[in-house]
Amino acid sequence: MRRLAVFLSLLLAFGAQAADPVLRWAADPDSNAPFAFFDPSNKLTGFEYEIITAIARRMNRTPKFVQNDWDGLIPGLGRDLYDVVICGIEITPEKAGEVLFSNPYYVTFEQLVVRKGTPPITSLDELKGKQIGTLDQTAALDMLEKIPGVEAKTYDEEVNAYQDTANGRIFGVLLDYPIAKYYAAPNPNLQFTGPPFGQISYGIALRKGNTALQKEMNSALAEVIASGEMRDILSRWGLWTPLVAGALGQPEDPSLPDTEYKAFVAGHAEQATCWTRMQRYAGYWPLLLRAALLTLEVSIVGMILAVSVGFTLAIMRVFGPWPLRWLAMLYIEIIRGTPLLIQLYIIFYGLPAVGIKLSPFIAGVLGLGLNYAAYEAENYRAGLLAIPRGQMEAARALGMTHRQGLFHIVIPQSFRLVLPPVTNDFISLLKDSSLVSMVTLLDLTGAYNRIATQTFDYFGTGLLIAAIYLLIGLPFVRLARYTEEKLAVDQRKPGQKPGLFNLPKRRK
Amino acid sequence: MVFMPVPLLSVLNLHKRFDENPILKGVSLDVEAGDLVSIIGPSGCGKSTMLRCLNFLEIPDAGRISIAGVTIDCQGLEDAPPKDIQTRAHELRQRVGMVFQQFNLFPHRTVLENTMLAPMIVHGAKREEAEANGRRLLEKVGLGSEFAHRYPAQMSGGQQQRAAIARALAMNPKVMLYDEPTSALDPELVDEVLKVMKDLDAEGMTQIVVTHEMRFARDASDYIVFMEGGHIVEISDEDEIFTHPKDERTRQFLRRFI
Ligand SMILES: Nc1ncnc2c1ncn2[C@@H]1O[C@H](COP(=O)(O)OP(=O)(O)OP(=O)(O)O)[C@@H](O)[C@H]1O
Ligand SMILES: [Mg+2]
């Protein structure tokens with residue numbers, strides 16, 4: 001609940017900081033080297049990180065990083081979660097219709113990467129009939145879609161695309177040169193092929209209509225370029241190409257050695273041994289702890305919501321007058337008939353269109369809670385209907401009102417009937433809470449994405465995260481068993497021995 | 001002038017239909033304080049329906065019910081009686097205890113708690129009071145303190161039905177209604193329940209029992225009511241009805257038991 005309060009106050013703070021000298025910038029740092037990403041010590045780094053820091057300094061603003069998922073970056077601008085996005089976004093006419101762009105800060109081309117030993121490719125037409133991986137919303141995807149017969153396959157994370165190429169699942173990957181240089185070039189199973197395809201410019205995206213900030217930003221950017229700072233940054237990251245130099249009007253030669261690139265490659269080559277891997281995971285434990293706590297918090301608050309709303313819905317359905325009964329039924333059918341992920345998207349990205357902006361935590365809890373409420377309602381309804389009529393009649397005959405009979409006799413009995421399905425639902429909810437990573441929360445699944453794409457160890461990271469989910473769920477499974485047993489006492493027939501899976505009755 | 005005692009319970013011209021099928025077609029009955037009345041009759045003749053009407057578990061279509069000073073005139077009540085009728089029905093129920101064929105004990109509560117719940121919830125009795133009273137009543141129906149903390153499912157049928165009687169007595173009813181209290185019991189358990197009812201009769205409790213136990217009806221009741229087809233056909237002295245039934249239908253019915 002404290003987190004809830006924090007988010008609420010953040011939410012308020014967002015609204016109140018128009019004049020603040022802060023520059024809120026967003027990127028998707030997962031698997032995002034060399035743009036803006038977390039290094040192994042979990043510090044933000046990357047050439048875009050350095051560029052936006054340099055620009056902010058010249059604007060006399062404090063940069064403040066906001067993490068978001070790639071697909072949510074542009075929508076997040078509209079929701080005023082942040083002021084700008086810098087994440088290798090290509091300036092295209094379509095995108096220019098959605099957002100404002102700064103002047104280009106980098107110019108590059110698309111690089112085709114294939115498996116080692118593949119015969120050379122000289123034109124994209126030769127890719128007909130082949131599966132080519134790329135990312136969603138990229139110039140590369142546009143290019144691929146213009147060639148008939150090419151099967152473009154979009155990935156969430158570029159590393160997965162290269163991995164599939166190395167594993168022979170797809171023919172190759174077409175992506176921006178910086179991505180290829182960092183993720184494909186160091187991999188001995190992959191090779192660059194073909195000429196540079198196309199030409200693309202990266203721009204910083206701003207909310208439509210925010211021309212004042214755009215002007216401020218462009219003049220700061222011009223200073224960063226003119227002072228040679230841009231050349232220094234890009235040189236160190238090994239990204240200073242003649243193409244960029246020409247576009248920015250600067251000398252062709254790199255001004256500094258490509259130390260950052262070398263460090264990145266070395267860092268990834270070195271982590272082959274088991275021991276270094278373990279050390280690396282150990283370094284992630286604060287992240288994992290935070291993520292696990294968040295998963296737990298989202299799940300528990302979500303379940304409390306689900307149980308209360310579900311209970312109300314069940315009472316409405318079983319005992320309410322027909323309009324309430326009908327409303328409850330409509331709610332249950334709609335919620336159960338649509339995917340949770342879509343509901344989450346509507347709550348987080350859709351509601352702002354009608355003026356309701358929720359923090360990711362609240363959106364996640366609402367999405368999970370309101371979804372599970374429908375299932376809980378059905379559990380309770382079944383539980384209420386399973387109580388024999390004679391129970392209510394006995395209560396009435398003893399002088400209790402309908403309401404007293406309901407709350408003292410019927411509901412307590414249905415409670416123990418629904419305990420097992422409700423506990424199972426909680427365990428499902430715990431697992432479904434992984435979907436909140438899609439509304440930018442860094443839960444365990446979010447942590448998986450970040451760690452796996454930093455270590456390239458999908459198998460190990462997957463096992464680790466799965467084990468943590470299992471560990472979190474375990475106490476609840478045990479708790480459920482225990483209460484079930486205690487409550488089952490009154491259901492036992494006289495002289496009946498405890499069942500095979502029941503423990504002996506505990507002494508009081 | 002002859003002194004006519006006012007009946008404790010009086011039913012006048014009671015009618016009840018279910019989905020247009022008339023079940024009670026004008027039932028009238030007076031029961032005086034301290035009487036034990038058995039109601040017999042073929043299956044489906046409306047015995048349970050009448051009993052349930054007496055404490056408004058079913059809402060009668062027409063007629064008048066008067067129990068221990070609470071009178072309700074039933075006319076066009078349908079399914080949602082007006083507030084004042086509901087209040088009076090609630091009052092009426094507090095004067096009437098009911099025991100069901102299937103006991104209907106609360107399975108999630110111990111036997112003692114079963115007797116304590118209604119006094120605490122309905123009368124706002126203190127826990128200690130309710131507990132002392134409950135223990136006394138359990139003792140009275142032959143359930144010693146070793147049963148107090150058992151759950152219903154841990155007891156035999158006869159014990160459960162006796163506990164159900166204790167639960168009803170805990171509300172201090174003026175009249176006890178029983179709907180085939182021993183029909184769900186194994187034969188060897190029937191007598192322990194009947195004995196409790198006889199003891200209550202000796203104490204002066206007014207009781208109405210729907211039963212198929214002809215021996216009990218004959219031994220214990222002050223008189224017997226024979227129902228058929230929604231009517232009370234005959235009200236007779238307990239011996240007379242078996243030896244010289246006035247009505248042919250009574251004779252037919254009783255032939256099977258002799
Ligand atoms: N809730 C109800 N809805 C519709 N019909 C009902 C309802 N309750 C009882 N009946 C019908 O009313 C008739 C009388 O039922 P009732 O239970 O009063 O009979 P009974 O004399 O108690 O019979 P038994 O000896 O079998 O218990 C039966 O035909 C029964 O089907
Ligand atoms: Mg009956």
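Reckoned from all heavy atoms, side chains included, excluding hydrogens, waters and symmetry mates.
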Any side-chain heavy-atom pair of A:Leu398 and B:Leu117 under 4.5 Å: no

Can you tell which part of A:Glu393 gets under 4.5 Å to a heavy atom of chain B, answering side chain, backbone, both or neither? both

Of all heavy-atom pairs between B:Phe100 and A:Ala397, which one has the smallest distance, and what is that distance? CZ-CB, 4.1 Å

In the structure I gave you, are the side-chain heavy atoms of A:Gln391 and B:Pro107 within less than 4.5 Å of one another anywhere? yes

In terms of heavy-atom pairs under 4.5 Å, which option from B:Gln102, B:Arg167, B:Met171, B:Met98 contacts chain A the most? B:Arg167

Might you point out which heavy atoms bring B:His90 and A:Gly399 nearest each other, and give the distance in Å? NE2-O, 2.7 Å

Assert top hit (heavy-atom pairs under 4.5 Å, partner chain A, pool B:Leu105, B:Leu177, B:Ile121) equals B:Ile121

Heavy-atom pair count under 4.5 Å with chain A, highest-scoring of B:Arg52, B:Arg150, B:Arg93: B:Arg93

Tell me whether B:Arg17 at atom CZ has more than 12 heavy atoms from other residues, nucleotides or ligands lying less than 6.0 Å away. yes

Nearest-0.5 Å distance, CG of residue A:Leu417 to NE2 of residue B:His108: 11.0 Å

Part of B:Phe106 within contact of chain A (heavy atom distance under 4.5 Å): both

Heavy atoms only, distances under 4.5 angstrom: which of B:Val96, B:Thr110, B:Leu57 has the most pairs with chain A? Name it, please. B:Leu57

